[in-house]
> 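Below you'll find the structure I mean.
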Amino acid sequence: MSDNRFVYFDYAATTPVDPRVLDAMTPYFTELFGNANSLYGVGRQAFNALEDARSRVARSIGAAEPREIIFTSGGTESDNAAIIGITRAIAPKGGHVIVSAFEHHAILGPAHLLEKDGYDVTYLRPRADGVVHVEDLQSALREDTVLVSVMHANNELGTIQPIAELAAAAHASGALMHTDAAQSVGQIPFNVVELGIDAATFSSHKIYGPKGVGVLYLRRGVRFQPQINGGGQEFKRRSGTQNVGGAIGFATALELMLEDQSEEIARLTGLREKFEKGVISALENTEVSAKADNRLPNIAHMLIKGVEGESMLLQLDAKGVAVSTGSACSSGSLEPSHVLLSIGCPQELAHGSLRASFGRFTTEEDIDYFLEVFPPIVNRLRAMSPVYDKMFGSSAK
Amino acid sequence: MSDNRFVYFDYAATTPVDPRVLDAMTPYFTELFGNANSLYGVGRQAFNALEDARSRVARSIGAAEPREIIFTSGGTESDNAAIIGITRAIAPKGGHVIVSAFEHHAILGPAHLLEKDGYDVTYLRPRADGVVHVEDLQSALREDTVLVSVMHANNELGTIQPIAELAAAAHASGALMHTDAAQSVGQIPFNVVELGIDAATFSSHKIYGPKGVGVLYLRRGVRFQPQINGGGQEFKRRSGTQNVGGAIGFATALELMLEDQSEEIARLTGLREKFEKGVISALENTEVSAKADNRLPNIAHMLIKGVEGESMLLQLDAKGVAVSTGSACSSGSLEPSHVLLSIGCPQELAHGSLRASFGRFTTEEDIDYFLEVFPPIVNRLRAMSPVYDKMFGSSAK
Amino acid sequence: MQYSEKVMDHFNNPRNVGVIDDADGVGEVGNPVCGDMMKISIKVDDDSISDVMFQTLGCGAAIATSSIVTEMAKGMTLEQAVAISKKQVADELDGLPPAKMHCSILATDGLKAAVDDYLNKNGREPISGGLAHDDPNFDPHAIEPEEVCDVEG
Amino acid sequence: MQYSEKVMDHFNNPRNVGVIDDADGVGEVGNPVCGDMMKISIKVDDDSISDVMFQTLGCGAAIATSSIVTEMAKGMTLEQAVAISKKQVADELDGLPPAKMHCSILATDGLKAAVDDYLNKNGREPISGGLAHDDPNFDPHAIEPEEVCDVEG
Ligand SMILES: Cc1ncc(COP(=O)(O)O)c(C=O)c1O
Ligand SMILES: Cc1ncc(COP(=O)(O)O)c(C=O)c1O
């Protein structure tokens, strides 16, 4: 057990750029620096590279045409653009939108904005298993529902949502379907046609691509009001000089994810199970947060009862282990994760959540190291708590 | 005269990333890849780097505080956010906005959107010299004017606007002042306090920084409605996982611009004058488009009468020279530049505009080469025109 | 926006540039205010085009479509010449960017005007069926739906 | 958000952790539902605090402020102890992130509660002037205006 060891268990927060991705991007900073909208040689090279990236992304997600791919500055922008751009284009005067209650803030934020502007928004609750159930969506759908947005995989719990069924229900009711696939694309099979969705969000830095790059998939024919206007780039849907290197980085990163996806699913699922079982057997009062079996291979999300998340995180950091906790918003450790609350987790437990997310460079040894350093940390924090014994100790039983 | 020669005269469209900038950014793709919002070590490193970049940008533009610097995805996003975010925050129910008529589309686009939403927008015309005059702004200001936006330097003509005086006039009338400094920052002195502005736009790829990165300067106390919402990054003003490497690239690029700014101003002004004089003396019926003396050192914008811009551009490209033309919007060579029209240039002349913009790697030899290859191109195109002699030939006099 | 190699070839090496001094018919369409203008002159032999030359002020596509249309027209009957469609012109050039499709109208209109001028000079009825440029509703700015707007930085 | 080195030191090596078995006064503030809770026990000698220990459930700042407040209080008179302000606690730790300023209230409130408990047990009037946590308008979520919201990816 070395204190210099660095164990990164927060791939769901962000990933390092894969060296192969960086290599693919590098020429576009210097020699191939042209503006993709310029007509001369160096501009045409940039244009060709950009359009090549667009085609490769389209192919990777099963899109019918490259122009369904719009490059953006990240998952947050794509989410905002989808929610507001589609809703306002279809129902400029108001209407009804459904988003799940455990969406990322990049969806909840624009949903609140629409509400302020007079739209009706339903925040559809997932059930305790961490899944949005089709019957619940069906009851929420209304005649004036314009858009439904449910994330493909939840970024905290890792639970995978039945997007194809949800999309079918939305369509049956005349609504469009958007899914935030920032956490799932590349990790698990993702095909826009098989899922039957109209729009989707991707973020490059979750899949070993560069930060500041994302994609909005917009099925051909979906009406859309651009949220950033100007020169009319990206088929008039997203203005601004394109980040050509970034687009190539994203396309390359996504292709690399797909290359060994099934092997990685198996490998990471194994690591996750080892992690979850290891924690549960080493520590009393711990459990996997969401009961659904259909979860991302790479996210373990657990409740460590009677411990506060940030203190756990910082102690792990001192041991060189990077994890996250649903309650780590620095607007106060007092604010528990809206995701956990949405599935009915009591507040006092929600404060003690731990998310460990694994990736390309995670090894068995990393898990072993974690299982060595983690239990003493929890035991120490529990011993320091004025209420642990009272609430969870054997005397409390 | 070698056909392999590459002469890039379109620095105003985009610039290559300076190798020193790339070096500064590179570690943030791989080793220092953390999410700046994470609490553990690799996240804190990213946070520190981001905040360091913010401080350096603040210092470079004379901002009072680092938190006045908001990192965005580029000049277009900054422009959109400024126009819409400030106007809507201050006057949610409507009001009056003034933008100059020769702003970049990244300003005109959101201005049109505001108009659609019931705001009054005045498109203030510059005069024939290519400058927005203070008296004209004064006549346009109204009691309900919320915001004035005039670019610091026009991206086609290169003319520098009297921002300090315009800002004073706006403030005297109770309006705020935004300036799009995408073309000027780094090129010429730029200080937010001396200019007295409330908000400003910058774009990284115009100053040898990476594409997909920009800054919105928002003076402390200026009310603002964020245009991209989510996790609340950038002091709740621009959500989305920050592009840390990009921020560092921008900060480094800007500092490098300032390092030798006065020498570069002298050097580039010399090159520009050589270029302009060379063209005028080699070709009849050519002139500098805007008469104002106060122009950017690095942009030469000329009218080449009786020639269409795109054909000129493509012929130059065949000789390895990259320039741009105000009329090169592929929505049709039929659409002449709104900038030239705004200063009263007749349409038939506006089609023949040529913008050559110089930069860090431009040499005297580049200008010499251009002056060698350009006149035969123009003469050939003019000879191919059915109307050149009639309109401009000696018989037309 | 990208031009095909064939467009670039015709732009860089336009065929049949110039004016036929003793032309049988001359067509002039477009307008410098709009940024493109074409003048085409033809020699007619037995109701077939025996020679054709053009002058064009305009963008790369305007010049290339002018050039190709002169190649296509040479040897055609007048009937065949006026039937050349903008799509045929574009196809012959291995395609045009959507934003540039209107340029082929300049070339086909120019040719039609030259044919009608010849017929008119010979006291015969025009056969072109009218020019797009003469239609008061013709919008040379009208672009194909797929058009992508490129921009100067 | 960044903690100072001093905060991290007190978080990693908290001083005076535990419970004084024969405490003269005990304060308990906070609530596990809110995510932080503190229990502090004191020994009082001649109206001065001769010993103090704490237990805390909470974030890094909650633990560090608890720890520092016990160090600060030791040896103080009761009057001095209840006068410790949240700003003094933060200053003593070389500052706290704006979002964490509320944590120092937990520590100062805990100490006040312990002092009042001691006085109460001895039939004397409380001197703390009341706890922030007892104020029905107290919002432990209230944050300083400069606060930056960090987020999970
Ligand atoms: C599900 C989900 N949506 C959206 C985002 C936001 O993406 P970005 O960080 O690229 O703005 C994230 C991650 O931050 C995410 O996990
Ligand atoms: C004056 C001006 N404003 C805004 C922009 C847009 O900036 P960006 O290309 O970073 O979106 C540009 C350049 O494209 C510009 O020249």
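Per chain, numbering begins at 1; letters A, B, ... match sequence-line order.
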> For each of B/Pro16, B/Gly109, B/Gly212, tally heavy-atom pairs with chain A at distances under 4.5 Å, and name the one with the top tally.
B/Pro16
> Are A/Arg238 and B/Ser73 close enough that some pair of their side-chain heavy atoms sits under 4.5 Å apart?
yes
> By a 4.5 Å heavy-atom criterion (distance strictly below it), what part of A/Leu113 contacts chain B: side chain, backbone, both, or neither?
side chain
> Quick one: list whatever passes side-chain hydrogen bond (donor to acceptor under 3.5 Å, both in side chains) with A/Glu51, sequence neighbours left out.
A/Arg54
> Applying side chain to side chain contact (heavy atoms under 4.5 Å, CB included) to B/Met25 and A/Phe29, what does each step give before you reach the verdict?
CA-CA 11 Å; B/Met25 292 171 64; A/Phe29 291 112; 4.2 Å; yes
> Which heavy atom of B/Leu39 sits nearest to which heavy atom of A/Leu313, and what is that distance?
CB-CD2, 3.6 Å
> By a 4.5 Å heavy-atom criterion (distance strictly below it), what part of A/Gln242 contacts chain B: side chain, backbone, both, or neither?
backbone
> Which one of B/Asn243, B/Asn229, B/Leu316, B/Leu32 has the most heavy-atom pairs closer than 4.5 Å to chain A?
B/Asn229
> For B/Leu22, is it the side chain, the backbone, both or neither that has a heavy atom under 4.5 Å from a heavy atom of chain A?
side chain
> Would you sort out whether A/His104 and B/Ser239 count as a side chain to side chain contact (heavy atoms under 4.5 Å, CB included), showing the intermediate values?
CA-CA 12 Å; A/His104 193 273; B/Ser239 292; over 6 Å; no
> Report the C-alpha distance between A/Ser203 and B/Thr241 in whole Å, list the side-chain angles of each, state the deciding distance to 0.1 Å, and finish with yes or no for side chain to side chain contact (heavy atoms under 4.5 Å, CB included).
CA-CA 10 Å; A/Ser203 173; B/Thr241 301; over 6 Å; no
> Assign the ring pair A/Tyr8 / B/Phe33 to parallel, tilted or perpendicular, where the plane angle (0 to 90°) is split at 30° and 60°.
perpendicular
> Does any heavy atom of chain B fall under 4.5 Å from the side chain of A/Thr15, the backbone, both, or neither of them?
backbone
> Quick one: pull up NZ in B/Lys116 and CD in A/Gln225 and give me the separation to the nearest 0.5 Å.
6.0 Å
> Which one wins on heavy-atom pair count under 4.5 Å against chain B: A/Gly214, A/Pro19, A/Gly41, A/Ala322?
A/Ala322
> Distance check, rounded to the nearest 0.5 Å: B/Ile228 atom CD1 versus A/Thr76 atom OG1?
8.0 Å
> Which distance, rounded to the nearest 0.5 Å, do you find between the CD1 of B/Ile84 and the CD of A/Gln227?
8.0 Å
> Mind ranking B/Phe71, B/Tyr40, B/Tyr208 by heavy-atom pairs under 4.5 Å with chain A and telling me who comes out on top?
B/Tyr40
> side-chain hydrogen bond (donor to acceptor under 3.5 Å, both in side chains) with A/Asp317: which residues, sequence neighbours excluded?
B/Arg44
